Each structure stands twice: as C-alpha cells, then as structure tokens.
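Here the structure comes first, spelled out in structure tokens, and everything after it is commentary.
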Amino acid sequence: MPKIPAKPAIQAADPGRWKALIFIALAQLMVVLDATIVNIALPSAQQDLGISDANRQWVITAYALAFGGLLLFGGRIADLWGRKRTFITGLIGFAAASALGGAATGEAMMLGARALQGAFGALLAPAALSLLAVTFTDAKERAKAFGIYGAIAGGGGAVGLILGGFLTEYLNWRWTFFVNIPFAVVAAVGAYLVVREPEGGRNRSALDIPGVVLSTLGLVSLVYGFTRAESAGWSDAGTIGLFVGSAVLLLAFALVESRVKSPLLPLRVVTDRNRGGVYLSLGLAVIAMFGLFLFLTYYLQVVKGYSPVKTGFAFLPMIAGMIVGSTQIGTRLMTRVPPRLLMAPGFLTAALGMLLLTQLEIGTSYAGLILPAQLLLGLGMGTAFMPAMSLATLGVDPRDAGVASAMVNTSQQVGGAIGTALLNTIAASATTAYLVDHAAGATTPAAQKLLQLQGMVEGYAAAIWWAVGILAVSATIAFVLINTGKPGTGQVAASGADVEDEVRIPVVAH
C-alpha cells in the first residue's frame, strides 16, 4: 500500500487562479470554436480560392491530422518546457496561423495555414487543461473550474456554428479566421500577467523521439483512415492500408513506451482504471456528438431551408443545456457523488435526446421535437463532460499532467474524426438504399425532389440510431470501469513532483 505521509507538502493556492481561469477558458473556447466555425465558411472559401470539390475536405483534414497527430507530443512539450510557456507559444502561433488562413490567396496557402493551426492547437490544448489541473487543487474549487471548462469543451462547437454563420453571412468567410486573433492576443497577454505555474511540476527527462515518431504517424494514419473512408469507402485498399498501418504503429508505440526509461506517454497514465475509462467513454461520446452536429446542420439548412445564422441559433438550446448540466448539475454534485453516477446518467440522458431525433421527418416541428432533444443532449453531455475532464487529470503525477491532458484531447479528436466519417457513411448508405427502393414512385420533378429530401432524412435517422447505441455503450463503460468514489473536500492534486501515491489515498474513497 502506498505510504501516506503525516504532513503532505501542499503549496498555497494561487491568489490569481480565478483570473487565470478566464484566460485558460478563453483559449479553450478559441480551439473548440475552430473545430466547427470553418465548416460553415467552407463553401464560400472554396469558391473564392478555387479549391476543387476533391480537395475541399483537406481544409478540414489538414487541421485534424496535425492536431490529432501532434497532441501527445504537445502534451509532453508542456511537461518538459513548462505549461505557461507552451500555452502562450501555442496562442501566438495559432493567431499567426489564423492570420495566414484569413489572408490566403490560394489552395496551398489555405491548407498550410490549417495545418499550422492544428500544430499550434496541439501545443495549446493540453497546456490549457494541464494548467487547470495543477492550478485548482481544492476539491470544491476544482469542481467549479472544471464545470466552466467542461461547458466550454462541450458547447463551444455549437457556439462555433452560430459565430461562423453570422460572420459568413454578414461579413466574409475570412473573418472566421481573423476572429481568432483577438481571442489569442487577449488570452496570451492575460496568461502572461496572471497565470502562475506551480514549481516542481516539470518533467525534464530526455524526449522520447521514437515515441514521438510512432505516436504521431500512428494517430495521423488513424485519423486519415477514417477521413478517407468517408470519401473512398471502407473497403478501399488505401483505407484498409491506413488502418493496418495505424494498428502496427500504435502497437509498436505501446511496446516502446513499456521499455524506454523516459516514455512520451507513461503507460501508468492510461492503464489507471479510472482514467482509461474516462478516455474511452469520452471518445465514444464525442463520436455521437460530432455526427449530430453534422446531420442537424445539413437537416436544418438543406431540408428546412434555414440560413447559416438561423441554423447557428437553432443550436442555442443545446448550448444552454450544456451550461446548466456542467455548471449547475455537475459542479454541485461532483463533490457529493462518485463520478460514474454523473457520467453514466449524463450519457444516458444524451442518448434519450438522440433517441428523439431518430423520429426526424421532413415536416418535423423544431419546437416539438428538435428543441427538447437538444436540451436533453446538452444537459446530459454537460453533466458527463464536467467530471470526465476533472477525473482525467485527478491524482496524476504533476510531471505527467500535460500528457494526461493531451490524452483527453486525443480521445476527443480521434472520436470526432471517427464520428464524422463513420456516421456519415452510414447515413449515405441508408439514403442510397431508400432512393433505390422508392425511385419507381417518383415520376415528376417535384416528386423526385421530395424523394431526395426524404432519403436524406432517412439516412440521418439511421445514423442517429447508431449514435444512440454508441452513447449507451459509453454510459456502460463509464459505470463499469470508473470506480473511484466521490472526491474529498481537501486537496485533490499535488503541486510538486513525486507525490502521486501520497495524494491519491487521502482524498479519493475507493
């Protein structure tokens, strides 16, 4: 049994921690916004820059590949170089890459800017979460801080749809890039002035170069495999080759990490039962969420005829639900009940909201079905995200906080790539099958147009059924694997090195 010290060394709480939270949350909002804000602007940007239909997916894919592939490396850099320094560097780089994207004059410049955004985002995201983890060490304060962070992580994508629609419709698609600059500048200046990183939390071990190469190539292959499957199909030789290559590379990565002296990803971070349960359940839940954003956006714009701005505002109930679920339900109950009793019911509540959306039809009422479904989704996801974000870094050695935070972002990024490709493929297959079965009855142009819309809706409903099942699996994993008890009322994270075992036992009831 780990030794419990009589007087564990605990640094005094940072008096500027709540100001620091403002700038950390602002940076996280910027990163999450960027995942969806560009989607609405893409048709306009494609036309202005002369990007072909075959290459337009790379505006999204270039970002996803760089971000998903470099996250673990970014987390390790934060542990090695210092989280505050990495955080500010990531902000400055992200702003510069956004300026480059907004000023793009051609396809190559745009794709290069998106890849740079992804690379600096991979520095920024784990640094932000790990700063939060080492700054808020009191259980009640940690609950409030992660409640705010969880609401942003869950609802920021929907906010991106609103902001993207407004900027594209009333200004210009370039502003979906330029808008990042004031976010980044304010967050960087604020972080420089008020963020104070606790001493003794760096991991100055030599960088694991083989681990960096294997993990980056493995994750890039995995993300690109799912992206390629969406366009080329699951049976395509290139798609299969990417999945096989990814499996080989990630297996080799795991073997290397188990043998090297200073691994990029210490296996103790992911083999911990509770953290492993968080990574897995969160990744699965994001699969369902990203698919929903995609389908609802197309349904509202193409089937219901909503404008980009109206579509964005149609997601407001989900944002409201996430804020309430995270800051009111999750925060208030986090120190009173075990995390699994928040996460599992949260995912099941979201699944119930998703279940309502399987009833979508062409004439479905927004107020009668879509609005209550979004509220349930938001409440469920907000309630589940908040303890998940906190538990993912709870009790971890401060020297591993960056890479543990990177794993949270990696599970979300890979989950998003899988969700978009997997559910979109399912929807497309269901739509095709419906059109084939009913083509004979559509003999007039009006009937054919109606059939196309009905086929789209049938495809969305079929994919959403899968999302319901995925959320149910996510809830089951959270309930079965996550067995930690409710946090205590004292310190839940250390601010110095070599204290993981010392802080785990006194504050967590198993």
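Keep in mind that what you see is a predicted model, and the values were worked out from it rather than measured.
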Discussion item. To check you understand the geometry: which heavy-atom pair defines the closest contact between T105 and L49, and what is its length?
Written reply: C-CD2, 3.8 Å
Worksheet entry | Backbone of R275 reached by a side-chain donor or acceptor of D272 within 3.5 Å | yes
Worksheet item: In Å, rounded to the nearest 0.5 Å, how long is the span from OH of Y460 to CG of L357?
Response: 13.0 Å
Discussion item. When you compare the side chains of Q448 and Q452, does any donor N or O come within less than 3.5 Å of an acceptor on the partner?
Written reply: no
Discussion item. Whether the side chain of S326 engages the backbone of I323 through a donor-acceptor N/O pair (distance < 3.5 Å, no angle test) should be reported.
Written reply: no
Fill in: Minimum heavy-atom distance L376-G353, with the two atoms named
CB-CA, 3.7 Å
Worksheet, complete the sentence: Closest non-hydrogen atoms of W234 and T239, given as atom of the first, atom of the second and distance, are O-CG2, 4.2 Å
Worksheet item: Is there a side-chain contact between I287 and L471, using heavy atoms and a 4.5 Å cut-off?
Response: no
Worksheet entry | Test item: side-chain donor near acceptor, S98 and Q117, under 3.5 Å | yes
Discussion item. Here's a test for you: under side chain to side chain contact (heavy atoms under 4.5 Å, CB included), which of I426, L296, T358, L355 qualifies with I464?
Written reply: T358
Worksheet item: Taking C-beta and beyond as the side chain, do N483 and N274 meet within less than 4.5 Å on heavy atoms?
Response: yes
Worksheet item: Heavy atoms, side chains only, cut-off 4.5 Å: are T364 and Q359 in contact?
Response: no
Worksheet item: Once you round to the nearest 0.5 Å, how far does CZ of F347 lie from CG of L342?
Response: 11.0 Å
Discussion item. Using every non-hydrogen atom in the two residues, find where G102 and R174 come nearest and quote the distance to one decimal.
Written reply: O-NH1, 2.7 Å
Worksheet item: So how far is it from Q454 CD to H438 NE2, rounded to the nearest 0.5 Å?
Response: 8.0 Å
Practice prompt. Using modelled atom types only, decide if a donor and an acceptor are shared between the side chain of S474 and the backbone of S281 within a distance under 3.5 Å.
Written response: yes
Discussion item. Could you work out, with side-chain hydrogen bond (donor to acceptor under 3.5 Å, both in side chains) as the rule, every residue matching W466, not counting sequence neighbours?
Written reply: none
Item to complete: Taking the six-membered ring for Trp and the single ring otherwise, decide whether the centroids of F94 and F120 are under 6.0 Å apart.
Response: no
Fill in: Separation of Q374 CD from M354 CE (nearest 0.5 Å)
10.5 Å
Discussion item. As an exercise, state the distance from CG of L282 to CE of M343, rounded to the nearest 0.5 Å.
Written reply: 6.5 Å
Discussion item. Are the side chains of F73 and L123 in contact, using a 4.5 Å heavy-atom criterion?
Written reply: no
Practice prompt. Count the heavy atoms of every other residue, nucleotide or ligand shown that sit under 6.0 Å from CZ of F479, and state whether that count exceeds 12.
Written response: no
Worksheet item: Does the side chain of R114 come within less than 4.5 Å of F177's, by heavy atoms?
Response: yes
Practice prompt. List in chain and number order the residues that pass side-chain hydrogen bond (donor to acceptor under 3.5 Å, both in side chains) with W465, two or more places apart in sequence or in another chain; answer none if no residue qualifies.
Written response: none
Practice prompt. Measure from NZ or CZ of K310 to the centre of the six-membered ring of F313, then state whether that distance is under 6.0 Å and the direction lies within 45° of the axis.
Written response: no
Practice prompt. Check whether any side-chain heavy atom of M110 sits under 4.5 Å from a side-chain heavy atom of Q46, and report yes or no.
Written response: no
Item to complete: Answer yes or no: is there a side-chain heavy-atom contact under 4.5 Å between Y366 and P317?
Response: yes
Response to the item:
Distance col, row L124:CG vs L71:CG, nearest 0.5 angstrom, shows 10.5 Å
Worksheet item: Quick one: are F295 and L360 in side-chain contact, heavy atoms under 4.5 Å?
Response: no
Item to complete: Please work out whether the ring planes of Y170 and F166 are parallel, tilted or perpendicular, with thresholds of 30° and 60°.
Response: tilted
Worksheet item: Has the side chain of S246 got a donor or acceptor atom that lies under 3.5 Å from a matching backbone atom of S221?
Response: no
Worksheet entry | For T383 against G346, the heavy-atom pair lying closest together | CB-CA, 4.5 Å
Fill in: F67-Y63 aromatic ring centre distance below 6.0 Å
yes
Worksheet item: Where do F87 and I24 come nearest, in terms of heavy atoms and distance?
Response: CZ-CA, 3.9 Å
